[in-house]
Structures are given as structure tokens and as C-alpha cells.
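What you see below is based on every heavy atom in this structure, not just the backbone, and it leaves out hydrogens, waters and symmetry mates. Remember, it's a predicted structure, so these values are computed and weren't measured experimentally.
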Amino acid sequence: MRTIIIGIFIQLFVIHGYSQVGFTQEGNASIYAEKFEGRTTASGESYSFRKATCSHLNLPFGTLIKVTNLNNNQSIVVRVNDRGPFVPDRIIELSRSAAEKISFPAN
């Protein structure tokens, strides 16, 4: 499966006592490969392409973040439930449904 990369913008929402409102990060994203469907994520839950979830290297599990496709300004709120991506030029990996809702480029 070919990896798709787009520019994204992340803004954290107020969550628990660890809020960092105003923190932003800009960089490249990718979509989870289909082979991960049903596998256990780092947080312990099963990955589903139908859920609005993502992986991030540093943000705590359960953190809600707003991801914006900078090519069309479409946004979605996703929940961190996994670690990754482990590719140097990417900051987030989105579930397929989340990517589709912001018109992430198709394969």
C-alpha cells in the first residue's frame, strides 16, 4: 500500500488537567495501512478504520486533537490511541475514516 502524505495542522483541545490550549504543530501525515484493522493499539484498544482516531509519538492517549487539511481547510477532531508514526517526516497517522472526512488524498 502506498503511503499518502499531506500537510496538517494540529490544535489540542482542553482535556483533563493536561490541557495545552494553543499548542500547534504542522507537518506531514499518513493513513493507517489496512493490515492494522483489528490489531491492538498501544493504548490497548483494537484499531478500527471506522473510528476517528490517530497515532502520535508524544501526546497522551485519549487526547483530542483537531486536524486540519491545509490544502482545503477541512478539519476533524480525532482521539490519540496509538504511538507512531515511526517515519521521520510524519507527525501523525490517521484512521481511514478520519482521513476521508478531511478529503485526505486517496491511494
Side-chain angles (χ1 to χ4, degrees):
M1 170 186 261
R2 176 176 94 176
T3 302
I4 305 299
I5 302 172
I6 63 168
I8 62 166
F9 174 81
I10 298 176
Q11 181 177 4
L12 295 177
F13 281 82
V14 178
I15 301 296
H16 307 291
Y18 304 104
S19 68
Q20 294 183 14
V21 176
F23 170 79
T24 60
Q25 189 174 19
E26 188 175 328
N28 295 320
S30 57
I31 301 174
Y32 274 93
E34 291 178 14
K35 69 180 182 180
F36 293 111
E37 179 67 23
R39 291 190 184 176
T40 304
T41 64
S43 66
E45 68 180 271
S46 293
Y47 169 72
S48 172
F49 72 89
R50 292 176 186 88
K51 296 179 182 176
T53 59
C54 69
S55 67
H56 192 278
L57 287 173
N58 309 95
L59 297 175
F61 296 135
T63 301
L64 299 177
I65 58 176
K66 180 180 179 182
V67 178
T68 302
N69 181 338
L70 296 178
N71 293 325
N72 59 22
N73 290 323
Q74 292 180 327
S75 298
I76 187 166
V77 175
V78 294
R79 181 176 48 84
V80 177
N81 73 339
D82 204 4
R83 290 291 171 234
F86 298 103
V87 177
D89 67 338
R90 296 184 201 140
I91 61 170
I92 196 169
E93 193 161 29
L94 299 170
S95 65
R96 178 140 325 264
S97 66
E100 288 173 354
K101 287 186 175 154
I102 60 172
S103 300
F104 197 86
N107 290 359

Connected hydrophobic set around V87, excluding itself, where side chains approach under 4.5 Å: none

Atom pair CG (N69) and CD (Q74), whose distance is rounded to the nearest 0.5 Å: 7.0 Å

Minimum-distance pair of heavy atoms, taken over all atoms of Y47 and F36: CD2-O, 3.4 Å

From CG (L94) to CZ (F104), nearest 0.5 Å: 6.0 Å

Under 3.5 Å donor-acceptor, S97 side chain and F49 backbone: yes

Pairwise side-chain contact, R39 with S46, heavy-atom cut-off 4.5 Å (strictly under): no

Under 3.5 Å donor-acceptor, R83 side chain and H56 backbone: yes

I92 and I65, any side-chain heavy atoms less than 4.5 Å apart: yes

Interatomic distance, E100 atom CD to S95 atom OG [nearest 0.5 angstrom]: 9.0 Å

Worked check of side-chain contact (heavy atoms from CB on, under 4.5 Å) between E37 and S48: CA-CA 5 Å; E37 179 67 23; S48 172; 3.9 Å; yes

Aromatic F61 / basic R79 pairing, under 6.0 angstrom, 45° off normal: no

Donor-acceptor pair, side chain of T41 and main chain of N81, under 3.5 angstrom: yes

Rounded distance (nearest 0.5 Å) linking atom CD of E93 with atom CZ of F86: 9.0 Å

Side-chain donor/acceptor of S55 to backbone N/O of D82, under 3.5 Å: no

Side chain S75, main chain K66, donor-acceptor under 3.5 Å: no

For V78 against A98, the heavy-atom pair lying closest together: CG1-CB, 3.7 Å

E26 side chain near L70 side chain, heavy-atom distance below 4.5 Å: yes

